[in-house]
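In what follows, a single structure is set out as structure tokens and then discussed.
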Amino acid sequence: MYKVNEVFETIQGEGSFTGAAAIFIRLQGCPVGCSWCDTKHTWDIKDELAMPLGDIVIKTAETEHWAQVTAAELLARFIQEGYQAKHVVITGGEPCMYDLNPLCELLHQNGYSTQIETSGTFTIKAPAQTWVTVSPKVNMAGGYKVLQSALDRANEIKHPVAMEKHVDELLQLLQHTDTKAKLIYLQPISQQRRATELAIAMCKKHNWRLSVQVHKYLGIS
Ligand SMILES: C[S@@+](CC[C@H](N)C(=O)[O-])C[C@H]1O[C@@H](n2cnc3c(N)ncnc32)[C@H](O)[C@@H]1O
Ligand SMILES: Nc1nc2[nH]cc(C(=O)O)c2c(=O)[nH]1
Ligand code: SF4
Ligand SMILES: [Mg+2]
């Protein structure tokens, strides 16, 4: 069973799948506590805020409501809603609090590709074909060993930056990671001008890529 905060079809706005039509599943719950997090409404799991999946799918505002569902119920809902996207992004909250194997396997069997957006603070439980985006959160719950195994598994590393020290953190993490087959992105925090300028300069300096949360510039979810 998965606790789901939101389900919606949109355009992937971050990382290497930017521009791809995608179905997003936003899972409820995250203990990491990033001060600049743009999805704080997913942090807590409040029993009294449970609601049916049908109500979750039509909700338009960011709320702390969630629905408890199976993988099969989610797939059935995609079909019922007439979603055409064949790429599914599982985010949160922190999706790796959950075992994502049953969900991803069912989606793969039904012709979807899958992608996870994770902080690297929980062990990743997902099939080998799943594209893993790690947005590393340092000095947070989970510890160094878990984060390193997430970085090793990552297909792309997408580091949120606002200050030089965030770049230094990434450089430190990459020292212990084989990055040959990985894409490395900097993502400016909250579209701040200074963060964006820093990210551009550092992408040029280190030959990394820039991810700018295109959906926020477009004003879409
Ligand atoms: C909301 S998080 C959910 C998934 C997971 N907990 C994680 O942190 O990767 C999804 C992505 O948004 C990024 N993010 C969150 N708040 C942001 C902000 N204010 N500006 C830029 N990126 C942000 C995270 O770093 C992560 O890459
Ligand atoms: N369009 C769109 N793209 C996204 N890529 C990652 C997102 C996330 O919240 O994890 C996200 C999101 O919330 N919306
Ligand atoms: S780990 Fe992700 S969801 Fe959790 S607080 Fe940080 S950015 Fe937000
Ligand atoms: Mg988002």
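What's counted below: heavy atoms across the whole structure, side chains too, no hydrogens, waters or symmetry copies. By convention here, the first residue in the shown sequence is residue 1. Since the model is a prediction, treat every value here as computed from it, not as a measurement. One-based numbering, in listed order, for ligands and for the atoms of each.
For ligand 1 and Q213, the ligand atoms under 4.0 Å from any heavy atom of the residue are 20 (N), 21 (C), 22 (N), 23 (C). The atoms of ligand 1 that sit less than 4.0 Å from any heavy atom of E94 are 5 (C), 6 (N). Within the listing of ligand 2, atoms 1 (N), 2 (C), 3 (N) sit less than 4.0 angstrom from a heavy atom of I11. Proximity to F24 (heavy-atom distance under 4.0 Å) selects the following atoms of ligand 2: 2 (C), 3 (N), 4 (C), 5 (N), 6 (C), 7 (C), 11 (C), 12 (C). For ligand 1 and P160, the ligand atoms under 4.0 Å from any heavy atom of the residue are 25 (O). The contact set between ligand 2 and S221, taken as ligand atoms under 4.0 Å from a residue heavy atom, comprises 1 (N), 2 (C), 12 (C), 13 (O), 14 (N).
Below 30°, between 30° and 60°, or above 60°: for F24 and F8 the angle between ring planes is below 30°, a parallel geometry.
Checked by distance only, ligand 2 and F8 stay at 3.5 Å or farther apart across all their nitrogen or oxygen atoms. An N or O contact shorter than 3.5 Å is missing between T39 and ligand 2 by distance. Below 3.5 Å of separation, one finds no N or O of K158 facing any N or O of ligand 2.
For atom 6 (Fe) of ligand 3, the N/O/S atoms of C37 include none lying under 2.8 Å.
Among all heavy-atom pairs drawn from R209 and C203, the shortest one is O-SG, 3.2 Å.
Applying the salt bridge (charged side-chain N to carboxylate O under 4.0 Å, His left out) test to every pair with at least one member in residues 176-194, sequence neighbours left out, gives these pairs: D178-K180, R193-E197.
Comparing G92, G120, S119 against atom 1 (S) of ligand 3, the shortest heavy-atom distance belongs to S119. The closest non-hydrogen atom to atom 3 (N) of ligand 2, taken over A20, G13, G15, P95, comes from G13. The heavy atom nearest to atom 19 (N) of ligand 1, out of those in Y185, W36, W43, is found in W36. Ranked by closest heavy atom to atom 2 (C) of ligand 2, the top entry among H215, E117, E9 is H215.
Heavy atoms of C30 found under 4.0 angstrom from ligand 3 belong exclusively to the side chain. Looking at R26 against ligand 2, only its side chain comes within 4.0 Å, counting heavy atoms.
Distances shorter than 4.0 angstrom do not occur between any heavy atom of H159 and any atom of ligand 1. The shortest separation from a heavy atom of K137 to ligand 1 is under 4.0 Å, placing the residue in contact. In this structure, C30 falls outside the shell of residues with a heavy atom less than 4.0 angstrom from ligand 1. Using a 4.0 Å heavy-atom cutoff, G120 is absent from the residues neighbouring ligand 1.
With respect to atom 11 (C) of ligand 1, the closest heavy atom belonging to the protein is E14 OE1, 3.7 Å. The protein heavy-atom contact nearest to atom 6 (N) of ligand 1 is G93 O, 2.8 Å. Of all protein heavy atoms, the one closest to atom 10 (O) of ligand 2 is T91 OG1, 2.7 Å. Distance from atom 22 (N) of ligand 1 to its nearest protein heavy atom, with residue and atom name: Q187 NE2, 3.0 Å. Annotation: atom 6 (Fe) of ligand 3 to nearest protein heavy atom, C34 SG, 2.4 Å. Ranking the protein heavy atoms by distance from atom 5 (N) of ligand 2 puts Q12 OE1, 2.5 Å first.
C96 pairs in a side-chain contact (heavy atoms from CB on, under 4.5 Å) with only one of the listed residues (T123, I116, V146), which is I116.
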